[in-house]
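In what follows, a structure is listed as structure tokens, so that the remarks can point back to it.
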Amino acid sequence: MENFLWVIPAAPLAAFIITLLFGKSVLKSQAHWPAIIGAGIAAVCAWLTFFQVRGLNAGEALNNHLFTWMNTGAYSFDTQQFKVAINLRADHLTALMLLVVTSVGLLVIIYSVGYMHGDGGYYRFFAFLPLFVFSMLMLVLSDNYLLLFVFWEAVGLCSYFLVGFWFRRESANKAALKAFWVNRVGDVGFGLGTMLVWTTFGTFTFTDVFGQLEKRAGIGGDITKGTITAICLLLFCGAVGKSAQVPLHVWLPDAMEGPTPVSALIHAATMVTAGIYLVARSWPLFDLSPGARDVVAIVGIATAFLGATIGLVQRDIKRVLAYSTVSQLGYMCFALGVGAYIPAIFHLMTHAMFKGLMFLGSGSVIHGMHDEQDLFKMGGLRKQMPITAYTFLIGALAISGVTGLAGFWSKDEIIVGAYHAGYPVIAILGLVTAALTAFYMFRLYFLAFEGTPRYDQEHVHPHESPATMTVPLVMLAIPSIVIGALVGIPPDKGAIHAFLGKAIRSDLFESHGSVASSTTLTFGVLSTLVAVGGIFLAFAMYMRLSPNPYTLGDRLHWLWTFLWHKWYFDEVYHVLFVKGTLAFAMACWAFDRYVVDGAVNGVATVVGRSSGRLRRVQTGFVANYALAIALGAVLIVGVYLIARGDIFTQLFG
Amino acid sequence: MPDVSFPPIHYVTVVPHLIVTGLAVVLLLMDAVSRRSRAARVGQIASLVSVIGYGAALVSLLFTYDHRQVTGGGSIRYDYMAIFFLIVMLSTALLTVLVSANFVQLQSMSLLEYLVILSFSVLGMMVVAIAGDLIMVFIGIELTSIAVYVLTGFSRQSRISHEGALKYFLLGSFATGILIYGMAWTFGIAGTINLDAIRTAGASIATGNPSLLLALLLLVVGLGFKIAAVPFHMWTPDAYHGAPTPVTAFMSVGPKAAGFAAMLRVLVNGWTPAADQWVPLVIVLSVITMTFGNIVAVAQNNVKRMLAYSSIAHTGYMLVGLASYQVGASKMDFNGRAIGALLFYTFAYAFTNIGAFSILTWMQARGRGTNIESFRGLATTAPGAAIAMTIFMASLMGVPPLLGFFAKYYIIVAAINANLTWLAVIVALNSAVSAYFYLRVVAVMYFREPDRQIVPQRTSWLGLGLAVSSLGTVLFGVFSGPVFDLARKVLL
Amino acid sequence: MDHFPLLSVMLYLPTVVALLVLFVPRLAPDTIKYAALFATLATFVLSLIVVFSSQQTASLRWEENYNWLPSVGIRYHLGTDGLSTIFLLLTTLSSVIALVASWTSIRVNIRAYYVTFLILETGMLGVFMTFDLFLFYVFWELVLIPMALIIGVWGSANRVYAAIKFFLFTLAGSLLMLVAIVAMYTEYFNRTGTRTLDLNTLIAIPGGWSHTFQLWTFAAFFISFAIKVPMFPVHTWLPDAHVESPTAGSVILAAVLLKLGGYGMIRFNLALFPYASHKFATPILILSVIAIIYGALVAMVQPDMKKLVAYSSVTHMGFVTLGIFSFNPQGFQGAVITMFSHGLVTGGLFLCVGVLYERAHTRQISAFGGIANRMPTYASVFMVFMLAALGLPGLSGFVGEYLSTLGSFRLANKTYAAITMFVVIFAAVYMMWLYKRVIFGEPREEHHGFADLTRIEASTLLPLVLGILYVGIYPVPLMKLLKPVIGALLAPIVGSGTAAAAADAIP
Amino acid sequence: MHPGLEWYLSLSAVLFVIGLIGVLTRRNVLVIFMCVEMMLNAVNISFIAFGRAISSATGQVFALFVITVAAAEAAVGLAIVIALARRQDTVDVGRIDTLRE
């Protein structure tokens, strides 16, 4: 039963190839079929795999060896052999990720049939989506760091393609470049991390690396804590980039220039969580390095808080969601930092559902509003597009952490976990952020769907989206409600813990002893309270206008400006890195032309000049020539005698 | 007159000389009997006769090869060095005839007279090649030089030809004076003019003897003039530039070879024991010669003049071979290779440089100047000539596998053998500099648009000369082994 | 079969065809082109035979070893090992592609062009298959003149300057190499009484070359190769040469000529001078890292597409020297694969630039924009090259660059690798920014008539795309070819003989 | 008292140097040429002196050859001078400088 793992990525890959080759010429407006079929097959297989994996014991996994990718050979003088195989491996963590990726992927592809209808690049879109699904599946199926890195880059590439999908638009191009470039900053670290892994362990394979830890990283082992910490931090650099953590979060909001299904799939549900996946996957390493985990936790909570604050003031519907994504990724990240790996993955999963849902919902709104994205030009849309509105409401409730919905369970576990692991400040900040989340989400909801329309009702006639778009919304709304309760009850001991516990056996979190149910209860009540509080405040401000958000904005103008400018990250980066690099590059070029090449031309000039001088020796006068002969003779003897060093004895001795 | 007796001569050793002498006589007779009205026709026949004569002399070497010996009371040294130089000189003569025949007539000069003088000059060179004593060296050198003075001023219409000749002549006789003064001192110190005897006598002369140094200095200066070593080169650019181009071709190779032959005879065969004294002189000379020649050549816009300076530079390279001479009996093989490298260089230079000048001749025969601009777009208007010129330039540059490259290669080998790696590096750097001006010619031929068409002209002799020299440059390069094998026996 | 002089046939086939083309009068241009195409294709097929008959041992295949100039110990010694095989394949493939790329773009002096081109191919092949230092030098120089001619005759406006600069730069270096070769020859003779320039004999000199001697000769060889590679700071001939060269010339220049340097370093510097290799490793590594970063930065701000690609070559070739002088199998494999990949990728990029130049007659980036609207197929092909150039995994560039960097990462000093890694950002910046400015954006009026790739253009680009994918996804065959070479080459360097010197270089 | 070898040699050297200086300083072609002849003859004195000092006829023989060669040179040289003088109407080497640099 080992040999069908490859089908999961192969199906979307085949879809990509078919669409690429025949999409334009043959398939045309039916170009979505290969993608749907491919993703469908992948989804089915992912479920099959899931059930198969469920039957496995802890530490076991499905393996599928495809071929050797690289092998620099074994040598007598070099004990470390560099060998990387294309190996697929599905353990419990992977199985869960497969489900998330394939199901959200399939739904988004179906949704896109309606959303992208009539677009000039229709086939292109349905070529790149399965390519992304393929890459993402390979990413989670990789059994080693290098392969993971490869597909890490590949999903980044797909993101680049899809963000810049409308390549005529300058803003889309810029956003695509920014996404790729910022990600590459993180990849510098990740790349070095893979190298350090290899030089330390002699292998990239997860199981081999982790298997060595016990013997070699313990007391008396040859691997120091510093090395482990370095590996963790380098790997985490990659995660910071890919999962849009501070300070590399700046690309994600801009990436909203891509078509909305892309935002839903790549920039909410799957790709951006790859960083979380990477850290969770490397839990044995992080377990050994409290220092690295502290960094992760601090970055995470900072991201969560920062994203939420910026989300408070955005006008663009997708940008609010984008900053919300940043913020939620921050949650997952600090969960990892405090050692709550399973809750992090749990939140990853629920977030994929409800954030995917909301992005698709926002797409439906944009679609219905004829490409209007400004929240302040919407209002009262619930009447025209009820399915969108209600499903969106479900998503908003879920993310806000209202008791019972998916987000509540996962987020609560994270906060409890942070508190429990001895990070009370982080737990409190988490709660504050939760309140902010509830507020800005419902601000969005009220501005878009409730109240009176603020758009030009003469020309804009919002309408509900077609079934290909609404069905996926419903399909995502259901898990957004139930999945948390289904797998997350009881907290810390739910089905997800039992399942993932076989792959992630971190006793770090659990070592503090079983979480007292009173703590769980307390935080449950607290987070419900802050969620309801946030929602109520949003209701008061945007439905009742008391306090009036506009006057409030004027009064706290400095704060508003600060948030509106997104803490000035982009501005500072622009000056520091963009302009700085360009200036440095120009300086280098000038150096190249005037100094390096100048030296070359300088030598030529010197030879030329001296040639011009020396040729004048040839005066044309015979007497001078004869003189040259005579003087030359004297000169040569002189040089000769001086060289011999005995000029005086030669002449007078 | 009791003790006057003529030392016996084995005439087999001078067969080539006799043939060339015969050639000169035949040519003189033709001049005497032929009518002026049929000069053109007679000139053609005379060319053919010359070619046959020089060819026969070359072939005769094959038969006299085994009769190497010292004869004529030590006046004649018929050894490997002689044979090799004879090959170079006769090849030079042959090529020169081919290159000159059409051109001289086109310039309405008397071809027959020209060939007569040429044959005297060649004979002089050949005498140097077999010289066994200083008189032979002197006679040979002077015979060559005097004939070449005439050839330089051969173009009666050209003022620069006369000017070149005058300068060459004045300085040449000045240098002759210095040379024979050196010979006189040699005679005075060693008590003999026979080279072998000088070698024997020299062994007992204390090193550092000021008279010896004086003699060596005077010899080196006098011979340095003949080979155009800096700073005794000053006549070269002017004489080369002024002379009719085929003559320049000849004099850049022939008398230079003769000069080197003389130098080798006097210094290597004669003053062997004083090698530790003259080697430093030669080293200094070689460095300044090649460097000066190359650097000044960079700024030349007239290709003929550029080649004149390049010829100076090549003298410098050749001198490296002599400079690599090592003192000591155990060094015979190395010395053979070092001097052999010099010999090989003269051989290589003969083919390549005469080839390069024959292109100039070819151009002038078609109404073009020798300025670099005249070469514009030659690759388009006359691709064959351009390819040939490219071969010659590349060979002069030292691009493998052409003849010039091997010449430089053996020189570098010699220098490094003699622990003169720094000198080898200087050779290399000089080659890099020289690449610039050779390349410039190639660049102009290939990279510039032609400004005018070539005037068509029938020059079959010249064509043959070009073919021979370019093929020689390539083939003797690729198969340089046998040639070098012969050259490296020079000291045996 | 082994006694068939396959290599000689392969080597001289282009020249023979060139001579035929040269001397047979009244040939139609098409006949000349087809004759040249035949020659390059036949050579390519022969090189495939070499590839498929290669063995997993360090000994030479298809060896031909004859006396050439016996009195000075120079031999005509040809052969192939894994390293040669890779470069022979690259050469023949690039030649076919460059030849096809010249098909319509070379319009003047057709006969001369193809003759020059074919002779150039002989020279390049010769360099990669000789095992006698003298013969090597002969071919090394033989490459120079045809290449300079191709740049100088068929190039663009400032071609003469570029051609002469190219020529003089390379010649200056190689003359020093000649001196070094002679020095080795002499030294070997003094030590053993044998005159030889046979590489393997020289490597096996009893007792090894003395340390001082190694330092000097290493430097002489290295300078020559470094100019060809080109390494910072002797790289400035490259942008000029590329910019002025015709497309096919750029392809050959990038695909093969730069490789001569890297190949030479491996074949000669490493093999002959293990001690000096260690001694010089640190400065070379530093220069490599500078080249990598510096090239990328300078590439970033080029207004001319070809110059941009040229500077990117400096970057990529920096990985080569970085990998070689890390002295471990990873770095070594990375260096060679980077070279191979760079041949495909940069060749492709130059072809892509050429495609646009044919249509717009300019290479200024600012003259373009929105090309994807007019030439979608072109845009996708260009995309592949662009991505490979920025080192995207799955394409050929990544394999080599990752391994090179990993090789340097294994050194005790991790700074090299750490700084080098930053190039992943810069490479993405200069390549993608170029791509964005040229390909993306609103369609422009002046590009209205631009046709998508012609059949000829597509036929030059497609093999490269396939090659890039192949090397990216399945580089194992290349690695297998290299394995025996590495075993033979690195063992003495890592081995006990230089243990002392190795101590500070190998962790 | 017979003058010793040194005297002859000194005389020869003085003459030689005078000739040499003449070549360097005079501008008239003919005078320069005369100076060269003087150098040659100075050398002849050396030859003969040396020859006598070691009782060898070779010195005299050599001197004879030198005289002969000098005559030949003179013939050719004067022809060149005349040819040039005809065209250029000068025997001043300072004005014969078309060929330079």
Side-chain angles (χ1 to χ4, degrees), chain B residues 333-334 337 340 379-380 383-384 386-387 390 393-394 397-402 405-406 408-419 421-436 439-440 442-448 477-488, chain C residues 22-23 67-72 74 108-109 111-112 115-116 123 134-142 144-145 148-155 159-165 167-187 189-190 195 213 216-217 220:
Chain B
D333 186 44
F334 284 124
R337 285 170 186 267
T380 318
I387 288 176
T390 310
M393 290 297 118
M397 228 182 283
V399 174
L402 302 174
F405 164 72
F406 281 93
K408 227 169 252 174
Y409 174 77
Y410 295 130
I411 285 288
I412 290 176
V413 172
I416 292 177
N417 263 329
N419 287 324
T421 311
W422 63 273
L423 194 58
V425 171
I426 289 181
V427 170
L429 292 179
N430 265 294
S431 297
V433 173
S434 77
Y436 173 76
L439 199 63
R440 209 168 139 223
V442 178
V444 168
M445 289 193 303
Y446 282 89
F447 305 164
R448 296 248 185 273
V478 177
F479 305 104
S480 69
V483 183
F484 184 68
D485 277 347
L486 183 60
R488 74 195 169 88
Chain C
L22 185 63
F23 288 115
N67 264 328
W68 178 20
L69 302 174
S71 60
V72 282
I74 292 170
V108 292
N109 286 333
R111 185 195 296 260
V115 169
T116 316
F134 190 86
L135 198 58
F136 169 79
Y137 185 80
V138 169
F139 284 114
W140 176 269
E141 293 286 297
L142 187 63
L144 265 185
I145 290 187
L149 285 181
I150 286 180
I151 297 172
V153 179
W154 294 275
R159 56 183 189 263
V160 180
Y161 172 75
I164 292 184
K165 193 168 175 182
F167 192 96
L168 288 183
F169 245 101
T170 330
L171 186 77
S174 62
L175 284 167
L176 288 179
M177 176 167 80
L178 178 65
V179 173
I181 289 176
V182 173
M184 295 179 64
Y185 168 80
T186 313
E187 177 74 10
F189 175 74
N190 288 343
R195 296 180 194 279
F213 184 80
W216 285 107
T217 34

* Tell me, side chain or backbone of B:Y436 under 4.5 Å from chain C's heavy atoms, or both, or neither? -> both
* To do: Search all heavy atoms of C:L168 against all heavy atoms of B:A435 and return the closest pair with its distance.
  => CD2-CB, 3.6 Å
* To do: Could you pull out the closest heavy-atom pair between C:L69 and B:V478, with the gap in Å?
  => CD2-O, 4.1 Å
* To do: Determine the minimum heavy-atom distance between B:P400 and C:Y137, stating which atoms define it.
  => CG-O, 3.8 Å
* Counting heavy atoms not belonging to B:R440, are there more than 12 under 6.0 Å from its CZ? -> yes
* To do: Sort out for me which of C:I181, C:L178, C:N109, C:L142 touches chain B most, counting heavy-atom pairs under 4.5 Å.
  => C:L178
* Asked: Between B:A443, B:S480, B:P482, which residue shows the highest count of heavy-atom pairs closer than 4.5 Å to chain C?
  -> B:S480
* **C:L149 versus chain B, the contacting section by heavy-atom distance below 4.5 Å** => both
* **Between CD1 on residue C:I145 and CG on residue B:L439, distance to nearest 0.5 Å** => 7.5 Å
* To do: May I have the step-by-step check of side-chain contact (heavy atoms from CB on, under 4.5 Å) for B:R488 and C:V72, ending in yes or no?
  => CA-CA 11 Å; B:R488 74 195 169 88; C:V72 282; 6.0 Å; no
* Asked: Measuring heavy-atom distances to chain C, does B:L402 have an atom under 4.5 Å in its side chain, in its backbone, in both, or in neither?
  -> neither
* Using non-hydrogen atoms and a 4.5 Å limit, figure out which bit of B:V427 sits close to chain C: side chain, backbone, both or neither. => neither
* Could you tell me which of B:Y410, B:F479, B:Y409 has the largest number of non-hydrogen atom pairs under 4.5 Å with chain C? => B:Y409
* Straight-line distance of B:S431 OG to C:L171 CG, nearest 0.5 Å -> 7.5 Å
* Can you tell if the side chain of B:T421 reaches within under 4.5 Å of the side chain of C:W216, non-hydrogen atoms only? -> no
* **Value rounded to 0.5 Å, distance of CG in C:N190 from CG in B:N419** => 8.0 Å
* Structure fact -> Counting heavy-atom pairs under 4.5 Å with chain B, the top scorer among C:G152, C:A172, C:A148 is C:G152
* Asked: For B:Y446 and C:W154, what are the C-alpha separation, side-chain angles and deciding distance, and is it a side-chain contact (heavy atoms from CB on, under 4.5 Å)?
  -> CA-CA 10 Å; B:Y446 282 89; C:W154 294 275; over 6 Å; no
* To the nearest 0.5 Å, what is the distance between CD (C:E141) and CE (B:M397)? -> 10.0 Å
* To do: Flag the one option from B:N417, B:V444, B:V442, B:V399 with the top tally of heavy-atom pairs under 4.5 Å to chain C.
  => B:N417
* Asked: Using non-hydrogen atoms only, which part of C:I74 is less than 4.5 Å away from chain B: side chain, backbone, both, or neither?
  -> side chain
* To do: Could you look at C:I151 and say if it's the side chain, the backbone, both or neither that has a heavy atom under 4.5 Å from chain B?
  => neither
* Nearest-0.5 Å distance that lies between atom CG in C:L175 and atom NZ in B:K408 -> 7.5 Å
* Structure fact -> Residue from C:L135, C:L144, C:T186 scoring the most non-hydrogen pairs under 4.5 Å with chain B is C:T186
* Can you find a pair of side-chain heavy atoms, one from C:L176 and one from B:V425, that are under 4.5 Å apart? -> yes
* **Pairing residues for C:F189 by the ring pair (Phe, Tyr, Trp, His ring centres under 6.0 Å) criterion, not counting sequence neighbours** => B:F334
* To do: Start with the C-alpha gap between B:I387 and C:L22, add the side-chain angles, then the distance that decides, and say whether side-chain contact (heavy atoms from CB on, under 4.5 Å) holds.
  => CA-CA 11 Å; B:I387 288 176; C:L22 185 63; 4.2 Å; yes
